[in-house]
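Data block below; observations after.
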Amino acid sequence: MRTTAIFNHKGGVGKTTTASAMADILAIDYGKRVLLIDADPQGNLSTFYGVEPDEGNSTLDLFMGTHEPVYSDWISAARPDAPVDIIPSDTSLIQAEVAALKEDNRFNRHAMSDLFRAIREDADAPDADNRQSAYDYVLIDCSPAFTQVSLAALRDADDIIIPVTTDLFSTAGMATVLRQIMGARDDGLQSSVAGVLVNMYKRGEDQKGLLAYLRNQKTVATFETVIRKSDKVVPAGADGTPLIKFSPRCAASMDYRAFVAEYMAQEGGDSHGKA
């Protein structure tokens, strides 16, 4: 099982779009079992998949749990036609941040690692034969801030994807993001940075220059695949339809498919062995 946090402290860089596109491609194209964790109080990922948190099955409940996780307690099936499962979120997740600031002992700062361990242990059980008994990938859509929930995801995931856009502010902010992620190592960060993903790319001399800057900096790798800007992304989200189904031939769909293959190849995965 590979766990990946999708994070940037800057909003509007396509974190949620990246999380949903990756999940749908991994599930639909490759037949992988995927769990999404909505770790953003805005809850956009949950809205896209048609899931509203109920008491007991949300990211808030995950972090405010006081018992060893029976992880299926928090997992919801997404809308009937969606191929993924999700732990949903909404603005109530802010309560977890308040609890952390107050050092409320109900807040479990190790909730992510406890969840991942529970999933792996259940997958190894002899009678593991149901849909939720194992996941191939867990993708975490983080809040655009270094919240306690985001830090937990960054600390306990296997790796981190940092979406950026090739505008001056996003590119200039990369150094800050990386410094803060590296600084989180003092808090027990184990994750590696899988790479920077350039999103909403539009060809032009200024964009090419900023892309070259990202690729030439030595601190962290930038994925070879860039996600081109497409006017199909917003209507696909509004329709609640996976982008690769809504417009399979649009630039963003094709680019996200190429990106997922590159992402899977990092782990020696079967990026050419589609189900």
Side-chain angles (χ1 to χ4, degrees), residues 1-11 13-23 26 34-46 48-49 53 57-65 69 71 74-76 84-101 107-120 135-164 176-197 220 263 266:
M1 182 177 78
R2 182 176 179 180
T3 58
T4 298
I6 300 168
F7 176 79
N8 190 328
H9 69 176
K10 186 179 187 301
V13 295
K15 292 186 300 296
T16 299
T17 299
T18 296
S20 61
M22 287 180 69
L26 286 165
V34 182
L35 172 64
L36 285 163
I37 301 175
D38 191 344
D40 186 347
Q42 296 178 86
N44 291 334
L45 191 69
S46 304
F48 175 74
Y49 284 103
N57 76 323
S58 70
T59 310
L60 173 64
D61 295 298
L62 174 66
F63 276 87
M64 297 301 290
Y71 73 90
W74 294 298
I75 292 169
S76 299
V84 301
D85 291 331
I86 186 169
I87 299 179
S89 180
D90 59 15
T91 54
S92 66
L93 185 58
I94 295 170
Q95 295 175 37
E97 302 299 331
V98 174
L101 288 173
F107 178 79
N108 179 8
R109 69 194 301 269
H110 300 293
M112 290 285 186
S113 59
D114 290 345
L115 175 70
F116 300 155
R117 185 182 67 250
I119 293 173
R120 289 185 173 105
Y135 290 99
D136 301 300
Y137 293 90
V138 179
L139 305 177
I140 309 158
D141 183 23
C142 295
S143 170
F146 277 91
T147 65
Q148 290 299 311
V149 172
S150 290
L151 283 170
L154 297 176
R155 183 177 59 243
D156 296 323
D158 295 322
D159 49 40
I160 303 164
I161 291 172
I162 306 173
V164 301
T176 303
V177 174
L178 292 170
R179 276 199 306 272
Q180 290 173 319
I181 289 175
M182 294 304 108
R185 292 192 183 282
D186 295 336
D187 192 42
L189 177 73
Q190 300 297 318
S191 305
S192 61
V193 178
V196 173
L197 175 65
V220 65
Y263 163 78
Q266 284 185 337

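Residue indices begin at 1 and follow the sequence shown.
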Quiz item: Side-chain contact, heavy-atom cut-off 4.5 Å: Val149 with Ser143?
Solution: no

Quiz item: Roughly how far apart are Met64 CE and Leu93 CG, rounded to 0.5 Å?
Solution: 10.5 Å

Exercise. May I ask you to decide if Ala39's main-chain N or O and Ser89's side chain share a donor-acceptor pair within less than 3.5 Å?
Key: no

Quiz item: Counting N and O atoms only, with roles assigned by atom type, does the side chain of Asp156 sit under 3.5 Å from a partner on the main chain of Met112, one being a donor and the other an acceptor?
Solution: no

Practice problem: May I ask you to test the Asp40-Leu45 pair for a side-chain heavy-atom distance under 4.5 Å? | Solution: no

Practice problem: Go through the structure and list residues passing side-chain hydrogen bond (donor to acceptor under 3.5 Å, both in side chains) with Thr16, not counting sequence neighbours. | Solution: Asp141

Quiz item: Once you round to the nearest 0.5 Å, how far does CG of Leu35 lie from CD1 of Ile140?
Solution: 9.0 Å

Quiz item: Would a 4.5 Å heavy-atom cut-off, applied to side chains only, mark Pro88 and Tyr49 as touching?
Solution: no

Quiz item: Can you check whether Asp90 reaches Ser46 side chain to side chain, under 4.5 Å on heavy atoms?
Solution: no

Quiz item: Any chance the side chains of Asp159 and Thr4 put a donor and an acceptor closer than 3.5 Å?
Solution: yes

Quiz item: Tell me, do Tyr137 and Met1 make a side-chain contact under 4.5 Å, heavy atoms counted?
Solution: no

Quiz item: How about Tyr135 and Asp85: does a side-chain donor come under 3.5 Å of a side-chain acceptor?
Solution: yes

Quiz item: Are the side chains of Glu97 and Phe107 in touch, meaning some heavy atoms are under 4.5 Å apart?
Solution: no

Quiz item: Under the side chain to side chain contact (heavy atoms under 4.5 Å, CB included) criterion, do Tyr263 and Leu197 qualify, and how do the steps go?
Solution: CA-CA 10 Å; Tyr263 163 78; Leu197 175 65; over 6 Å; no

Practice problem: Using ring-ring contact (aromatic ring centres under 6.0 Å, His included) as the criterion, list what pairs up with Phe116, not counting sequence neighbours. | Solution: none

Quiz item: Do Ile162 and Val220 have side-chain heavy atoms sitting under 4.5 Å apart?
Solution: no

Quiz prompt | Rounded distance [0.5 Å steps], CD1 in Ile119 versus CG in Leu115 | solution = 4.0 Å

Quiz prompt | Thr3 side chain to Asp158 backbone, donor-acceptor under 3.5 Å | solution = yes

Quiz item: Do any N or O atoms from the side chain of Thr17 and from the backbone of Gly14 form a donor-acceptor pair under 3.5 angstrom?
Solution: no

